[in-house]
Amino acid sequence: MSNCPIDLHFSKTHSNKRIEKAYESLGVKIVTRIIGFTLFLFGAKREDIAQYLQISMGTFLSFLTRADQYGLLAFEDRRKSAYKKVVTTEAPVKVSLAVTEQNVIIQLGGNNQEIIIPRKNLLQRKVILLTFVNNGLLTAKEVSDVLGFSVRHTRDLNGKMHEEDVYCLIDKRKGQIQDYRFTPEIKAELIQQVAANAITGKPTSSRAVSQQIKERCNLVLPDRSVRLHMNKLALPKISKSLPALVEDLKKTQNHDN
């Protein structure tokens with residue numbers, strides 16, 4: 001090899017071991033092409049290289065043409081790449097929750113994509129949030145805080161939904177919030193009690209009003225139901241403005257007299 005800057009000594013034993021190892025890691029075809037191309041660079045004749053590699057002259061010439069055109073890609077076995085492909089894995093989607101006065105917002109990653117769920121849609125909130133839990137995108141703790149449930153109850157609901165579909169999430173309880181419990185007469189007593197308490201400066205909370213109606217009318221009204229109907233009738237707002245209105249009316253009446 002006249003192009004070598006120094007005299008090289010070759011060991012047949014080392015050569016055989018190294019080539020066998022290269023066959024295992026790179027594949028026979030790639031090692032053959034590397035050897036052939038190296039001999040070609042050192043100035044060996046094409047015919048001699050093809051004969052040494054035990055391949056046809058046409059095959060070796062085709063390889064040299066591909067090497068000119070494609071560089072390193074020419075060494076690769078196109079039918080089955082001998083190189084280990086680098087598997088790139090995308091970073092997992094980061095999901096976070098935000099709660100506003102009107103909505104629950106599921107934020108997806110850093111691309112400003114959002115899923116917006118109205119807070120008033122309780123069943124929709126349950127289904128979507130628990131679906132995220134079931135797929136490992138949100139934790140039971142994160143979702144329990146938004147739904148107002150314990151972590152254990154959230155996990156139980158998630159398991160039931162997975163096994164029984166969303167029907168199991170529908171609240172089948174019949175609470176004390178139906179209007180048939182609050183007849184017009186009972187609503188009148190409620191308004192009257194709130195008004196009397198507001199004018200006289202007594203507490204107008206649902207608990208206080210419920211207790212006073214019980215004592216005065218012998219009616220047992222659940223605190224939760226009283227609070228619901230007070231809000232429906234906007235009585236908390238009236239209880240704040242009513243004392244001032246009464247005082248104004250008194251002053252007007254005295255002025256007229």
Side-chain angles (χ1 to χ4, degrees), residues 1-98 105-117 127-143 151 154-155 158-166:
M1 295 183 180
S2 59
N3 290 334
C4 292
I6 59 174
D7 290 331
L8 298 177
H9 300 281
F10 295 91
S11 168
K12 184 65 174 177
T13 302
H14 290 331
S15 175
N16 291 337
K17 289 181 178 179
R18 292 168 185 173
I19 290 176
E20 286 297 326
K21 187 174 181 181
Y23 282 165
E24 293 177 2
S25 59
L26 298 176
V28 174
K29 286 191 175 182
I30 288 182
V31 173
T32 300
R33 289 167 184 172
I34 291 174
I35 293 173
F37 192 69
T38 302
L39 294 174
F40 172 74
L41 293 180
F42 278 122
K45 292 182 180 180
R46 295 174 177 86
E47 295 85 351
D48 292 342
I49 297 173
Q51 185 177 0
Y52 173 73
L53 297 176
Q54 296 181 353
I55 59 176
S56 69
M57 182 65 177
T59 299
F60 184 62
L61 291 177
S62 296
F63 161 69
L64 292 178
T65 301
R66 291 198 306 273
D68 279 340
Q69 293 177 341
Y70 305 115
L72 290 175
L73 292 177
F75 292 84
E76 185 176 354
D77 187 348
R78 287 175 294 178
R79 292 174 300 175
K80 183 178 180 181
S81 174
Y83 294 111
K84 294 181 179 179
K85 294 182 179 179
V86 178
V87 179
T88 57
T89 57
E90 296 183 358
V93 177
K94 184 178 181 181
V95 179
S96 59
L97 288 174
I105 303 171
I106 304 174
Q107 299 169 330
L108 305 175
N111 52 6
N112 296 323
Q113 290 185 331
E114 297 178 337
I115 298 174
I116 300 176
I117 314 166
V127 172
I128 294 178
L129 292 177
L130 290 175
T131 299
F132 272 76
V133 172
N134 195 46
N135 287 276
L137 297 173
L138 288 171
T139 66
K141 177 64 170 64
E142 291 172 311
V143 170
V151 175
T154 301
R155 290 197 182 105
N158 183 48
K160 287 182 179 180
M161 187 184 77
H162 183 70
E163 296 294 331
E164 306 173 21
D165 205 351
V166 299

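Quantities reported herein were computed from a predicted structural model and do not represent experimental measurements. The first residue in the sequence is number 1, and the count goes up from there.
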Verdict with supporting geometry, Leu53 and Thr59, side chain to side chain contact (heavy atoms under 4.5 Å, CB included): CA-CA 11 Å; Leu53 297 176; Thr59 299; over 6 Å; no
Taking side-chain hydrogen bond (donor to acceptor under 3.5 Å, both in side chains) as the definition, give me every residue that meets it alongside Thr65, ordered by chain and number, with sequence neighbours left out. none
Side chain to side chain contact (heavy atoms under 4.5 Å, CB included) partners for Ser15, two or more places apart: Ile19
Rounded to the nearest 0.5 Å, the NZ atom of Lys160 sits from the CG atom of Leu130 at a distance of 12.0 Å
Contacts of type side chain to side chain contact (heavy atoms under 4.5 Å, CB included), residue Phe40, not counting sequence neighbours: Phe37, Arg46, Ile49, Phe60, Leu64
Stepwise, does the side chain to side chain contact (heavy atoms under 4.5 Å, CB included) test hold for Leu137 with Thr131? CA-CA 9 Å; Leu137 297 173; Thr131 299; over 6 Å; no
Just verifying a value: how many Å separate Thr154 OG1 and Asn158 CG, rounded to the nearest 0.5 Å? 9.0 Å
Going by side-chain contact (heavy atoms from CB on, under 4.5 Å), Val95 matches just one of Leu138, Asn135, Thr139. Which one? Leu138
Exceeds 12 heavy-atom contacts within 6.0 angstrom, atom CD of Gln51: no
Which is it for Thr32 and Phe63 under the side chain to side chain contact (heavy atoms under 4.5 Å, CB included) test, yes or no, and what are the steps along the way? CA-CA 11 Å; Thr32 300; Phe63 161 69; over 6 Å; no
For Lys17, give me all partners under salt bridge (charged side-chain N to carboxylate O under 4.0 Å, His left out), at least two apart in sequence or on another chain. none
Could you tell me which residues satisfy side chain to side chain contact (heavy atoms under 4.5 Å, CB included) with Val151, sequence neighbours excluded, listed by chain and number? Ala140, Lys141, Ser144, Arg155
Any Leu97 side-chain heavy atom under 4.5 Å of Ile106 side chain: yes
Who passes side-chain hydrogen bond (donor to acceptor under 3.5 Å, both in side chains) against Ser62, sequence neighbours left out? none
For Lys12, what residues pass the side chain to side chain contact (heavy atoms under 4.5 Å, CB included) criterion, not counting sequence neighbours? Asn16
Would you say that more than 12 heavy atoms from the other residues, nucleotides or ligands in this model lie under 6.0 Å from the CD of Gln54, or not? no
side-chain hydrogen bond (donor to acceptor under 3.5 Å, both in side chains) involving Gln107 - partner list, sequence neighbours excluded: Ser96
Please identify each residue that fulfils side-chain hydrogen bond (donor to acceptor under 3.5 Å, both in side chains) with Thr38, with sequence neighbours left out. none
